[in-house]
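Below is one structure, written out as structure tokens; comments come after it.
Proteins come first, then strands; the chains are lettered A, B, ... in the order of their sequence lines, and each starts at number 1.
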2 protein chains.
Amino acid sequence: MPQSSNPIAATFAPHDHQECAHRALDEAAARLAEQGARLTPVRRRTLEILLESHRALGAYEVLDRLAAEGFGRQPPVAYRALEFLVSHGMVHRLQRLNAFTACLHPGDDHHPAFLICRSCDKVAEAAGVPIRDSLTEIAGRGGFQVERATIEAVGLCATCAAGGAE
Amino acid sequence: MPQSSNPIAATFAPHDHQECAHRALDEAAARLAEQGARLTPVRRRTLEILLESHRALGAYEVLDRLAAEGFGRQPPVAYRALEFLVSHGMVHRLQRLNAFTACLHPGDDHHPAFLICRSCDKVAEAAGVPIRDSLTEIAGRGGFQVERATIEAVGLCATCAAGGAE
DNA sequence: GCACCAAAAGTTATCTTATCACATTCGGGT
DNA sequence: ACCCGAATGTGATAAGATAACTTTTGGTGC
């Protein structure tokens, strides 16, 4: 992730993907090692594929890439790797898109809000805490205990808005 | 909807569905008439089916019921009716569940947050405005313009929590 | 009443997304 | 070298959604 005053803007701005993806991969590997979880070749490659774009990819898109690289070509190959990565907080699932996106800062707030740009299709993670607090508060007044929340916004990122990609 | 200090609690509490569903249907019919939209038999019945439970139903569940009542038995029958109702604000689509739920107060805040009880599967609508404001604010700081937001929480409603349905 | 047109409903086929069940392989511990 | 459980591979199929085309329906002008 490049230098920037704001992580959301930084995600959408042009920047050195190689570097930010590499950093995230190292961090993921370290965290998984701590947990005693195995980052096997398929799982590692799956994470890399997601990190190579900030986009969300469908399971079958991931599968195609894996198959092209010599891994199995049946859906469970991709779904299993993705499920593993999601359950260890390395990847998030986007409900609106039926798609998956790599987490750029695993371990921090693992329940972010997602900002999906409808023009460039990149996905940023925004601080979920204040939003969840608001939701929890409103739900709580009705006696509802929130356990998990999905917060996903579709809109236009600053880069696309500026670039006339409207 | 029964008398209650809180609409969320009211949704989950036992109450006279017939009455609250009937009210919502009348309101929907009136609103559609205003808009010059046609509430045809399939559409009307689809809305009734959703109103009969506060649960979210999958398109194929709705389709089965429609087919059993003499309507077509092909997926587009259900999808078209649901799409019509969604686009007119009478029904909401829940991304987490790939399912649809009737709107209990069409016209009010058409972008509510959804509270889904994992025990009884009922769905309540909570005021979405404060939550969306929070999201819009955070996103805006990163230059992201929110256009549409999905806010869905899974948890436990007061009725199930009290009833030991844990 | 009737001819016309657009909207709605019906039907077939197909596509995308996701999971199940079972066989095989891999890797660490003894 | 052997064992065991985890991970992977494979075929089949379930579940969710849409495309393309035909037929029916309902309102409008005549």
message: Counting only side-chain nitrogens and oxygens, does A:Arg43 get under 4.0 Å of the OP1 or OP2 atom of D:dA7?
response: yes
- request: Return no unless some side-chain N or O of B:Asn98 is found under 4.0 Å from OP1 or OP2 of D:dA15.
  value: no
- prompt: Any N or O donor-acceptor pair linking the side chain of B:Arg80 to the base of C:dG10 at under 3.5 Å?
  reply: yes
- prompt: Would one find more than 12 heavy atoms of other residues, nucleotides or ligands at under 6.0 Å from atom NE2 of A:His22?
  reply: no
Under-4.0 Å side-chain N/O to phosphate OP1/OP2 contact, A:Thr40 with C:dC26: no
- prompt: Rounding to a whole Å, what distance do you find between B:Glu83:CD and D:dA19:C1'?
  reply: 13 Å
message: Given A:Phe84, which partner from the list A:Val42, A:Leu32, A:Thr46, A:Val91 fulfils the side-chain contact (heavy atoms from CB on, under 4.5 Å) test?
response: A:Leu32
query: A:Pro75 side chain: which of C:dA18, D:dT18, D:dT10 is closest?
result: C:dA18
message: Check this for me, if you would: do B:Arg65 and B:Glu61 make a salt bridge, where the nitrogen-to-carboxylate-oxygen distance has to be below 4.0 angstrom?
response: no
Residue-phosphate contact under 4.0 Å: A:Arg93 side-chain N/O, C:dA18 OP1/OP2: yes
field: N or O in side chain of A:Arg38 less than 4.0 angstrom from C:dG27 OP1/OP2
entry: no
field: side-chain N/O A:Gln74 vs D:dG11 OP1/OP2, d < 4.0 Å
entry: yes
message: Check B:Arg45 with B:Glu52, please: is the shortest side-chain N to carboxylate O separation under 4.0 Å?
response: yes
task: Starting at atom CZ of A:Phe71, determine the distance to atom P of D:dT10, rounded to an integer number of angstrom.
output: 12 Å
query: When we call it a touch if two heavy atoms are under 4.0 Å apart, what does B:Phe84 touch: a base, just sugar-phosphate, or nothing?
result: nothing
Short side-chain N/O contact from A:Tyr60 to OP1 or OP2 of C:dT16, under 4.0 Å: no
